J.: 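Let me begin by handing over the structure; questions about it come next.
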Amino acid sequence: MVQLLQHLILSIAVFLFEASHGTAFPAYGSLGGLSERQLEEIVPNLRPRVPPPPPGPPAFTGAKLVDDAAHPWRAARKNDIRGPCPGLNTLASHGYLPRDGVASPVQIIEAVQEAFNMENFAARFTTYAAHLVDGNPITDLISIGEKTRKTGPDPPSPAIVGGISNHGTFEGDASMTRGDAFFGDNHSLNEPLFEQFKDFSNRYGDGFYNLTVAAELRHQRILQSMATNPEFSIMGLRHITVFAEAAFPLNIFVDGRTDKPQHLPLADAENFFKDMRFPRGFFRASAPVSSEGVESVFTAHPVPAGRNVGVNNFVPDNRLGGIFDFCLFYTQFINTTIRGLYPNPTGVLRRNLDINLKFMFESLGPTPPCPQVFPWGEN
Ligand code: HEM
Ligand SMILES: *[C@@H]1O[C@H](CO)[C@@H](O)[C@H](O)[C@H]1NC(C)=O
Ligand SMILES: *[C@@H]1O[C@H](CO)[C@@H](O)[C@H](O)[C@H]1NC(C)=O
Ligand SMILES: *[C@@H]1O[C@H](CO)[C@@H](O)[C@H](O)[C@H]1NC(C)=O
């Protein structure tokens with residue numbers, strides 16, 4: 001009885017707190033771009049965690065059944081988060097990632113290695129780049145997309161809880177199967193665009209998504225955005241991911257038992273992109289993979305980094321680097337993008353950002369293209 005009363009009083013207190021403060025800020029909400037006032041309000045209510053170091057490559061990196069009994073597919077429930085990445089969506093729907101779509105960087109790296117045989121440096125680079133711009137460095141959590149349920153008018157705004165769907169950070173324009181943020185929804189599968197994906201696979205790949213299809217479809221989507229989106233931009237990180245993501249499905253969505261590498265059957269593509277599901281009985285790749293083939297996707301139609309200044313007016317702009325200049329990309333990503341999101345971090349926020357910046361730098365490999373950049377000085 002006493003316990004029940006205590007519980008009741010606690011519930012009322014929590015209710016009153018939330019009513020007077022707007023809805024509680026979610027533990028996975030991105031902190032990038034918040035004002036100092038917002039940070040002062042939000043950060044003390046978050047449970048801090050020291051980010052643990054990323055895992056190395058797993059001991060066994062051969063093909064194996066990953067659509068197994070321990071990882072049954074389940075449709076996303078009402079409050080589960082899904083987003084712009086067909087790879088991560090699939091892993092959440094099979095329980096390789098938490099099914100609610102909220103994970104730590106270490107969980108993401110472990111999941112993409114275990115279920116997709118993603119190469120260790122690529123997994124670390126992609127994950128820490130995303131976490132630094134779209135994650136919550138205090139709680140060490142990131143969401144794989146947008147929560148459809150609104151979370152209240154005061155902070156958090158929907159953009160703040162957008163996770164990797166946040167436009168202009170990691171998510172960007174000219175995606176193969178998602179619309180540009182300028183036109184609204186930038187994270188859900190877009191039916192007409194998926195029809196175009198199939199049409200190109202039929203026209204250039206005889207019913208398969210292969211390297212030729214990847215190069216042509218990649219270019220087609222860039223041309224479409226140039227012609228219609230006045231705010232179209234492929235600069236910095238996006239100039240790299242826009243080509244890498246066209247190559248990912250060739251290596252990562254192709255069954256590891258195949259005798260035809262980089263040859264993805266349309267039915268399998270449909271499983272991943274539409275249903276967020278492995279093809280039945282799927283085996284992961286037979287060796288660690290990531291964006292192999294990206295050079296030929298790029299060289300088939302080498303579009304420089306740049307942006308539209310009004311429709312049909314693409315202006316090359318290399319200020320944030322890109323495929324041509326990885327060192328410039330890295331330097332600007334840290335010194336301009338991340339410092340822009342976090343101009344003056346202090347306390348635990350600063351400590352955890354520094355830890356994640358180090359993890360990202362180390363993901364560049366044993367011979368990094370340039371020295372580590374410290375956006376707020378070295379200590
Ligand atoms: C390692 C952690 C990963 C993170 C943080 C991540 C994040 C993202 C993000 C933010 C996007 C949206 C970019 C955009 O198109 O605007 C994206 C797209 C994409 N991701 Fe991932 N991803 C990861 C791993 C993977 C894996 C393992 C695959 C497996 C194939 C994958 C396949 C794709 C593809 C194909 C797209 C492009 C979708 C399209 O153009 O329609 N990703 N990813
Ligand atoms: C892009 O997606 C994010 C997250 O879902 C959303 O907050 C944002 O409003 C979208 N951008 C536009 C221009 O609609
Ligand atoms: C893709 O498939 C088409 C049709 O079979 C073929 O002509 C083309 O050479 C293939 N591309 C590659 C890179 O294998
Ligand atoms: C980072 O930006 C600051 C301020 O603009 C500048 O002083 C510094 O030289 C930059 N660091 C690098 C490595 O570019």
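Atoms within a ligand are numbered from 1 in the order they appear, just like the ligands themselves. If you're wondering where the values come from, they're calculated on a predicted model, not measured in any experiment.
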J.: Report whether Leu223 and Leu193 are members of the same hydrophobic cluster (ILVMFWY, side-chain heavy atoms less than 4.5 Å apart, transitive linking).
T.: no
J.: Let me confirm one number: the CD-OG1 distance from Glu195 to Thr177, rounded to the nearest 0.5 Å.
T.: 12.0 Å
J.: Indicate, with yes or no, if the rings of Phe278 and Phe253 have centres closer together than 6.0 Å.
T.: no
J.: Hey, which atoms in ligand 1 end up nearer than 4.0 Å to a heavy atom of Thr127?
T.: 1 (C), 2 (C)
J.: Give, for atom OG1 of Thr212 and atom CG of Leu217, the distance between the pair rounded to the nearest 0.5 Å.
T.: 12.0 Å
J.: For the CZ atom of Phe182 and the OG atom of Ser225, what is their distance to the nearest 0.5 Å?
T.: 11.0 Å
J.: Is there a polar contact, in the sense of an N or O pair closer than 3.5 Å, between Arg238 and ligand 1?
T.: yes
J.: Going by an N to O cut-off under 4.0 Å, is there a salt bridge joining Asp317 and Arg307?
T.: yes
J.: Heavy-atom pairs closer than 4.0 Å: do any link ligand 1 to the side chain of Glu171, the backbone, both, or neither?
T.: both
J.: Report the part of Tyr204 in contact with ligand 3, treating N, CA, C, O as backbone and CB onward as side chain, heavy atoms under 4.0 Å; options are side chain, backbone, both, neither.
T.: backbone
J.: For ligand 1, find out whether one of its N or O atoms is nearer than 3.5 Å to an N or O atom of Met176.
T.: yes
J.: Report yes or no: do Met118 and Leu364 belong to one cluster of Ile/Leu/Val/Met/Phe/Trp/Tyr joined by side chain heavy-atom distances under 4.5 Å?
T.: yes
J.: Starting from atom 4 (C) of ligand 4, find the nearest protein heavy-atom neighbour and note its residue, name and distance.
T.: Arg339 NH2, 3.2 Å
J.: Which word best sums up how the rings of Phe273 and Phe197 line up, parallel for under 30°, tilted for 30 to 60°, or perpendicular for over 60°?
T.: tilted
J.: Please indicate whether Asp206 has more than 12 foreign heavy atoms, meaning atoms of other residues, nucleotides or ligands, lying under 6.0 Å from its CG.
T.: no
J.: Is there a donor-acceptor pair closer than 3.5 Å between any side-chain N or O of Asn210 and the backbone N or O of His263?
T.: no
J.: Same hydrophobic cluster for Val348 and Phe359, using side-chain heavy-atom links shorter than 4.5 Å among ILVMFWY?
T.: yes
J.: Under a 4.0 angstrom heavy-atom cut-off, which atoms of ligand 1 come close to Met118?
T.: 1 (C), 27 (C)
J.: Would you mind checking which non-hydrogen protein atom is closest to atom 3 (C) of ligand 1, with the distance to 0.1 Å?
T.: Thr126 CG2, 3.6 Å
J.: Looking at ligand 4, would Gln332 count as a contact under a 4.0 Å heavy-atom criterion?
T.: no
J.: Please work out whether any backbone atom (N, CA, C, O) or any side-chain heavy atom from C-beta onward of Asp134 is under 4.0 Å from ligand 1, and answer side chain, backbone, both or neither.
T.: neither
J.: Show me which atoms of ligand 1 lie under 4.0 Å from any heavy atom of Pro84.
T.: 12 (C), 18 (C)
J.: What residue and heavy atom of the protein are closest to atom 5 (O) of ligand 3, and at what distance?
T.: Asp206 CB, 3.7 Å
J.: For atom 10 (C) of ligand 1, which of Phe170, Phe248, Phe272, Phe197 has the closest heavy atom?
T.: Phe170
J.: Starting from atom 9 (O) of ligand 4, find the nearest protein heavy-atom neighbour and note its residue, name and distance.
T.: Asn335 ND2, 4.8 Å
J.: Atom 11 (C) of ligand 1: which protein heavy atom is closest, and how many Å away?
T.: Glu245 OE2, 3.8 Å
J.: Any nitrogen or oxygen of Arg218, main chain or side chain, under 3.5 Å from a nitrogen or oxygen of ligand 1?
T.: no
J.: As an exercise, identify every atom of ligand 3 less than 4.0 angstrom from a heavy atom of Leu211.
T.: 13 (C)
J.: When the ring centroid of His301 is compared with that of His219, is the distance short of 6.0 Å?
T.: yes
J.: Would you mind running through ligand 1 and noting each atom that sits below 4.0 Å from a heavy atom of Phe253?
T.: 29 (C), 30 (C)
J.: Only heavy atoms of Pro249, strictly under 4.0 Å: list the atoms of ligand 1 that pass.
T.: 35 (C)
J.: Hey, is atom 11 (N) of ligand 3 touched by any protein heavy atom at less than 4.0 Å?
T.: yes
J.: Please compare Ala269, Gly87, Ala123, Ser165 and report which has the shortest non-hydrogen distance to atom 26 (C) of ligand 1.
T.: Gly87
J.: Tell me if the aromatic rings of Tyr330 and Phe333 count as close, with their centers under 6.0 Å from one another.
T.: no
J.: Among all protein non-hydrogen atoms, which one is nearest to atom 20 (N) of ligand 1, and what is the separation to 0.1 Å?
T.: Cys85 SG, 3.2 Å
J.: Report yes if Gly172 has an N/O atom closer than 3.5 Å to an N/O atom of ligand 1; otherwise report no.
T.: yes
J.: Report the nearest protein non-hydrogen atom to atom 6 (C) of ligand 1: residue, atom name, distance rounded to 0.1 Å.
T.: Leu88 CD1, 3.7 Å
J.: Measure the CZ-SG distance between Phe170 and Cys85 for me, rounded to the nearest 0.5 Å.
T.: 8.0 Å
J.: Pair Leu353, Trp376 - check side-chain contact (heavy atoms from CB on, under 4.5 Å), show working.
T.: CA-CA 10 Å; Leu353 282 168; Trp376 314 286; 3.7 Å; yes
J.: Under 4.5 Å between side-chain heavy atoms, hopping through other hydrophobics if needed: is there a path connecting Val112 to Phe60?
T.: no
J.: Pro86 heavy atoms, cut-off 4.0 Å: which ligand 1 atoms fall inside?
T.: 19 (C), 20 (N), 33 (C), 34 (C), 35 (C), 36 (C), 38 (C)
J.: Polar contacts were defined as any N/O atom of the residue lying under 3.5 Å from an N/O atom of the ligand; does this apply to Ser175 and ligand 1?
T.: yes
J.: Determine, using ring centers only, whether Phe282 and Phe272 are less than 6.0 Å apart.
T.: yes
J.: Could you tell me which non-hydrogen atom of Gly29 sits nearest to which non-hydrogen atom of Asn136, and how far apart they are?
T.: O-ND2, 2.9 Å
J.: Of all the non-hydrogen atoms in the protein, which one sits nearest to atom 29 (C) of ligand 1, and at what distance?
T.: Ile252 CG2, 3.5 Å
J.: To check your reading of the model: name the closest protein heavy atom to atom 1 (C) of ligand 3, its residue, and the distance in Å.
T.: Asn210 ND2, 1.5 Å
J.: Of all the non-hydrogen atoms in the protein, which one sits nearest to atom 5 (C) of ligand 1, and at what distance?
T.: Ala130 CB, 3.7 Å
J.: Of the non-hydrogen atoms in His187 and Arg178, which two are nearest, and what is the gap between them?
T.: O-NE, 2.9 Å
J.: Would you mind checking which non-hydrogen protein atom is closest to atom 13 (C) of ligand 4, with the distance to 0.1 Å?
T.: Thr331 CG2, 3.9 Å
J.: Pull out every atom of ligand 1 sitting under 4.0 Å from any heavy atom of Phe116, numbered as shown with elements.
T.: 27 (C)
J.: Between Thr177 and ligand 1, does any nitrogen or oxygen pair lie at a separation below 3.5 Å?
T.: yes
J.: At the 4.0 Å heavy-atom cut-off, does Ile108 count as touching ligand 1?
T.: yes
